[in-house]
Amino acid sequence: MTDTNIKQPTEQDVYILAIESSCDETAAAVVKNGREVLSNVISSQIAIHTLYGGVVPELASRKHIEKINQVIEEALKEAGVTLKDITAIAVTYGPGLVGALLVGVSAAKAISFATGIPLIGVHHIEGHISANYIENKELEPPFVCLVASGGHSHLVVVKDYGEYEIIGRTRDDAAGEAFDKVARAIGLGYPGGPKIDKLSKEGNPDAIHFPRAVIAENEYDFSFSGLKSAVLNYLNGCQMKGEEVNAADVAASFQKAVIDVLVDHSVHAVKEYKFDKFAIAGGVASNSSLRNALAEECKKKGIDFYHPSPIYCTDNAAMIGVAGYYEYLKGVRDGYDLNAVPNLKLGER
Ligand code: KG4
Ligand code: ZN
């Protein structure tokens with residue numbers, strides 16, 4: 001439930017307590033006036049999920065429950081504030097794993113109910129995009145943003161704060177999902193992205209030619225499942241022929257195939273839509289080769305390139321606090337009927 005008939009904030013400072021638990025990080029942060037991160041506490045569950053080769057939803061929910069109160073307390077303490085200083089509580093309510101989301105949403109509602117502090121539900125992808133505002137104080141919409149994470153690969157026109165148009169999306173696997181699946185196939189384990197990023201530095205990106213999918217109906221859409229299958233076929237072929245696999249070459253060649261498509265679509269979109277600003281977001285945005293390739297291409301084309309530090313690319317609550325701040329300014333408030341929405345669409349409430 002959204003009430004937009006609320007007074008605009010006065011000149012006073014706005015402190016947002018933000019909570020994020022959509023996947024496998026239990027996170028809380030305090031953000032001042034939208035762009036100043038006073039604390040950013042992240043409790044990662046990677047060690048547990050690594051044992052199973054990927055995120056186990058039931059385990060994720062249980063771990064969130066164990067950690068959430070402690071993480072929120074730490075975020076307040078590190079920021080040097082108490083709940084009395086908090087203007088609003090922002091919480092991720094979708095998309096994500098329903099059991100995981102519910103832990104953050106329930107915690108936020110409980111604090112809001114006990115204290116009367118206003119509650120604001122935030123879209124996880126809006127959070128990822130907003131991470132760009134933290135270290136780029138001059139960045140303002142409109143701009144194009146590539147969101148590449150474990151669950152999403154979107155090309156988004158950020159028209160204004162909280163106003164988005166998705167111009168391209170993946171038809172099958174997300175970019176991060178492809179990184180994770182290929183990493184598992186070459187024995188690197190979970191999460192695959194950072195491991196492929198590292199191993200690729202020792203390999204030849206031109207050693208094996210893997211396909212770059214082109215989607216005829218929409219030039220900005222992505223498809224990564226064919227690429228994933230091509231890598232698996234290559235690995236099977238080597239095994240059948242008794243040939244040794246050079247894992248670094250496979251990692252580097254796969255990564256190059258992903259990067260080529262992401263860079264090509266992004267730069268094309270920025271030019272076609274006549275923008276001069278481009279930003280990246282999501283876990284895959286921390287990939288060092290992707291960042292270098294985009295920086296180089298944007299420089300050539302005269303596009304200003306923005307990216308968050310790696311800690312603000314992967315899941316965190318600071319980004320939710322930033323997005324929550326702009327929702328707060330618009331007067332968005334949620335009631336205690338706020339629920340987890342696992343398939344929440346960007347720009348919808
Ligand atoms: O944004 P995120 O933390 O969670 C989701 O919202 O999905 O993204 C996680 C994804 C995982 O698939 C992970 O393998 C990928 O981001 N990732 C990377 C890198 N770091 C994380 N992919 C490529 N290179 C990296 N350095
Ligand atoms: Zn995420």
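In listed order, ligands and their atoms are each counted from 1.
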Looking at CD1 of Ile120 and OH of Tyr325, how far apart are the two atoms once the value is rounded to the nearest 0.5 Å?
-> 11.5 Å
Could you label the plane-to-plane angle of the His265 and Phe222 rings as parallel, tilted or perpendicular, counting under 30° as parallel and over 60° as perpendicular?
-> parallel
Hey, which protein N/O/S atoms does the Zn ion (ligand 2) have under 2.8 Å?
-> His124 NE2, His128 NE2, Asp315 OD1
Members besides Val56 in its Ile/Leu/Val/Met/Phe/Trp/Tyr cluster (side-chain heavy atoms under 4.5 Å) | Ile48, Leu51, Tyr52, Leu59
In the hydrophobic cluster built from side-chain contacts under 4.5 Å, what are the other members alongside Leu97?
-> Val55, Tyr190
Please identify which atoms of ligand 1 are closer than 4.0 Å to at least one heavy atom of Thr314.
-> 3 (O)
Here the atoms of ligand 1 under 4.0 Å from any heavy atom belonging to Gly151 are 7 (O)
Just go through Gly193, Gly127, Ala148 and tell me whose heavy atom is the nearest to atom 18 (C) of ligand 1.
-> Gly193
Side-chain donor-acceptor pairs under 3.5 Å in residues 25-34, sequence neighbours left out?
from, atom 1, to, atom 2, distance (Å)
Glu25, OE1, Ser44, OG, 3.3
Thr26, OG1, His64, ND1, 2.9
Asn33, OD1, Val14, N, 2.7
Asn33, ND2, Asp13, OD1, 2.9

With the threshold set at 4.0 Å, does a side-chain nitrogen-carboxylate oxygen contact exist between Glu73 and Lys77?
-> no
Below 4.0 angstrom, N of the basic side chain to O of the carboxylate: do Asp334 and Arg349 qualify?
-> yes
Answer with yes or no after comparing the ring centroid distance for Phe143 and Tyr306 against a 6.0 Å cut-off, counting only values under it.
-> no
Is the backbone N or O of Pro118 less than 3.5 Å from a side-chain atom of Ser112, with the two atoms forming a donor-acceptor pair by type?
-> no
Considering distance alone, does some N or O of Gly176 sit under 3.5 Å from an N or O of ligand 1?
-> yes
Side-chain heavy atoms of Pro141 within contact of Glu163, under 4.5 Å | no
Answer yes or no: is there a side-chain heavy-atom contact under 4.5 Å between Tyr273 and Tyr220?
-> yes
Which part of [X] is near ligand 1, with near meaning a heavy atom under 4.0 Å away: side chain, backbone, both or neither?
X: Val284; value: both
X: Asp197; value: side chain
X: His128; value: side chain

To check your reading of the model: name the closest protein heavy atom to [atom], its residue, and the distance in Å.
atom: atom 7 (O) of ligand 1; answer: Gly150 N, 2.8 Å
atom: atom 3 (O) of ligand 1; answer: Asp315 N, 3.0 Å
atom: atom 6 (O) of ligand 1; answer: His124 NE2, 3.1 Å
atom: atom 21 (C) of ligand 1; answer: Gly283 O, 3.4 Å
atom: atom 24 (N) of ligand 1; answer: Asn287 ND2, 3.0 Å
atom: atom 11 (C) of ligand 1; answer: Asp180 OD2, 3.5 Å

Does ligand 1 have any atom sitting under 4.0 Å from a heavy atom of His152?
-> no
Close approach of Ser286 to ligand 1, heavy atoms, under 4.0 angstrom = yes
Should Asp173 and Ser225 be marked as a side-chain hydrogen bond (donor to acceptor under 3.5 Å, both in side chains) after you check the CA-CA gap, both sets of side-chain angles, and the distance that decides it?
-> CA-CA 6 Å; Asp173 292 353; Ser225 78; 5.3 Å; no
How far apart are the closest heavy atoms of Leu76 and Thr82, and which atoms are they?
-> CD2-C, 4.4 Å
